[in-house]
There are 2 protein chains.
Amino acid sequence: MASKERIQRLKEDTRANILEAAFKIVKKESWQALSMRKIADEIEYTAPIIYEYFANKEAILQELTKKGYIILSADLQAAKDKHNLPAKQLEAMWLAYWDFAFAEKELYQLMYGVQVNCCVFEKDFPEIQNPANLLWDVIKVLMAGTNPTEDDICRRYYTFWSVVHGLVSINIVKKGVSDKLNQQILRDAITAIIKSITGYFFFVIT
Amino acid sequence: MASKERIQRLKEDTRANILEAAFKIVKKESWQALSMRKIADEIEYTAPIIYEYFANKEAILQELTKKGYIILSADLQAAKDKHNLPAKQLEAMWLAYWDFAFAEKELYQLMYGVQVNCCVFEKDFPEIQNPANLLWDVIKVLMAGTNPTEDDICRRYYTFWSVVHGLVSINIVKKGVSDKLNQQILRDAITAIIKSITGYFFFVIT
DNA sequence: TAATTTTTTTAACGGTGTTAGATTATTTAC
DNA sequence: GTAAATAATCTAACACCGTTAAAAAAATTA
């Protein structure tokens, strides 16, 4: 009987609807605001029905994470295909990675464990700026010879911070990388940026 | 009456105990596992008592975040004080930042919105590796002339990823930085690393 | 039409953050 | 020292959460 297949299709539809509803809620509200009951409301069912399609909430998140990786892969491939030279390809791919992160901000958060709700209270609490200021000051001194603008210092500060924070978060979230490798990457990057500031040398990772 | 002050001290003690208990739970379990009732259990009170000392759970997290920033500031200052040359100071400070992140992993997570629970299911789901493989392959091609080991490629991959992911997360979590500045930092960094790989040029952020 | 199977819902469990009101303990005033 | 006032603490509840078991409704098969 062909109705079996029709029913199968309907089930797949509902499954897709659940994912769609979940994603819709997250985009309108946030990941923390996502609940099984809200999803159920959105698809006009009651909550337990979702468990006919997904083992639990985690499984829904995993499916959406998967979706993120698939989109990102496609974006990277497309970026690569636009160029022939490997250097140009790589540049385009990282820019595509960047674009993906903001075009699909919610998916990116899910994929790489980036929270949003943290420390939005900088005005109530000036100590937050202290670490930044300490680093900022030293960078300023280091650059003193080159008469830098505030923007110049800012860029250096963020470059440093990005490298270090990026490496840190990758290590906290995905604890696969070896410590030795990390330390080497970290030291190389720091040395390179410092040298680029002082103007003596260059970013040669050996 | 001096008992007023004694009572004041006792209240401050309890406040500190709450923070301590919260932190203890987080270190033993995780941020998600932290609940008002668990804190209350730990300090041997009932949950509503906590609201005499903190407006809500968020306020407790804020206080711990504050603690994180204070420790980090002290670490950075100490690192700076160990050197005279600005370049050495800066290097020491970023290494101290790194050390802080892992010595106080929980605080770092709180301060910079780094989740842990995400995507621990790489084996169930190979698509996760796709983006990494795509980038990896191009880096490999780009480095082909220099007979790189797997480790060499790995280091380049992580260097790229750290810079981009770091910049992305900073922008998602703290949305203060201007788009123009970001794009410039991003492009500079990518170009610099690519040039360092091809060996033609150097990391000169101008 | 009757029996069977599938789909969906209701009700509940134990958990969460949070609040109002009752209760207990402590301090003040006489 | 007892009574009144104040402070500290708890109980009970609310509305929410993820999840499950069992009942009810709907659809399919015989």
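Just so it is clear: chains get the letters A, B, ... in the order the sequence lines come, proteins before strands, and each one is counted from 1.
- Between Tyr51(A) atom OH and dG18(D) atom P the separation is 7 Å, expressed in whole Å.
- Between its opening and closing five pairs, the helix from dT1(C)-dA30(D) to dC30(C)-dG1(D) changes axis direction by 20°, a value rounded to 10 degrees.
- Protein atom CD of Glu58(B) is 12 Å distant from nucleotide atom P of dG17(C), rounded to whole Å.
- Atoms CD1 (Ile39(A)) and C1' (dG18(D)) sit 11 Å apart, rounded to a whole Å.
- Of the charged side-chain nitrogens involved, at least one lies within less than 4.0 Å of a carboxylate oxygen, so that Glu91(A) and Lys88(A) count as a salt-bridged pair.
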Atom pairs, protein N/O to nucleotides 7-10 of chain C N/O, distance under 3.5 Å:
residue	atom	partner	partner atom	Å
dT8(C)	OP1	Tyr45(A)	OH	3.2
dT9(C)	OP2	Thr46(A)	N	3.0
dT9(C)	OP2	Thr46(A)	OG1	2.9

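- Within residues 16-29 of chain A, no residue has a heavy atom under 4.0 Å from DNA chain D.
- Per the geometry, CG belonging to Asn56(A) stands 9 Å off C1' belonging to dG18(D), to the nearest Å.
- When side chains are defined from C-beta on, Gln129(A) does not count as touching Tyr69(B), because their heavy atoms never get closer than 4.5 Å.
- Each of Ser35(A) and Ala55(A) has a nearest nucleotide on DNA chain D; the 5'-most of these lies closest to Ser35(A).
- Side-chain contact check for His165(A) and Tyr158(A): no donor-acceptor pair (N or O, by modelled atom type) lies under 3.5 Å.
- By the 4.0 Å N-to-carboxylate-O rule, Lys27(B) lies too far from Glu104(B) to be salt-bridged with it.
- A 6.0 Å sphere centred on NZ of Lys38(B) holds more than 12 heavy atoms belonging to other residues, nucleotides or ligands.
- Counting any heavy atom pair closer than 4.0 Å across all strands shown, Leu34(A) reaches sugar-phosphate atoms only and no base atom.
- Note on Asp152(B) versus Arg155(B): salt bridge recorded, some NZ/NE/NH1/NH2 to OD/OE distance being below 4.0 Å.
- dT20(D) atom P lies 13 Å from atom CD1 of Ile50(A), rounded to whole Å.
- dA8(D) atom P lies 14 Å from atom CG of Asp13(B), rounded to whole Å.
- For Arg37(B) and dG15(C), a side-chain-to-base donor-acceptor distance below 3.5 Å is absent, hydrogens and geometry of angles not being considered.
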Problem - Residue pair Asp81(B), Gln77(B): steps toward the side chain to side chain donor-acceptor pair (under 3.5 Å) verdict - result: CA-CA 6 Å; Asp81(B) 291 344; Gln77(B) 186 67 56; 3.1 Å; yes
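- Aromatic rings from Tyr45(B) and Tyr53(B) are positioned such that their centres are separated by 6.0 Å or more.
- Cation-pi contact between Lys28(A) and Phe23(A): absent, since separation from the ring centre below 6.0 Å together with deviation from the ring axis within 45° is not met.
- Straight-line distance from the CD atom of Gln32(A) to the P atom of dT16(C): 17 Å, rounded to whole Å.
- In summary, Glu150(A) and Lys140(A) engage in a salt bridge, as defined by a charged side-chain N under 4.0 Å from a carboxylate O.
- Across the protein-nucleic acid pair, Trp31(A) atom CH2 and dG18(D) atom P stand 13 Å apart, rounded to whole Å.
- A salt bridge does not link Glu52(A) to Lys11(A): none of the charged nitrogens lies less than 4.0 Å from a carboxylate oxygen.
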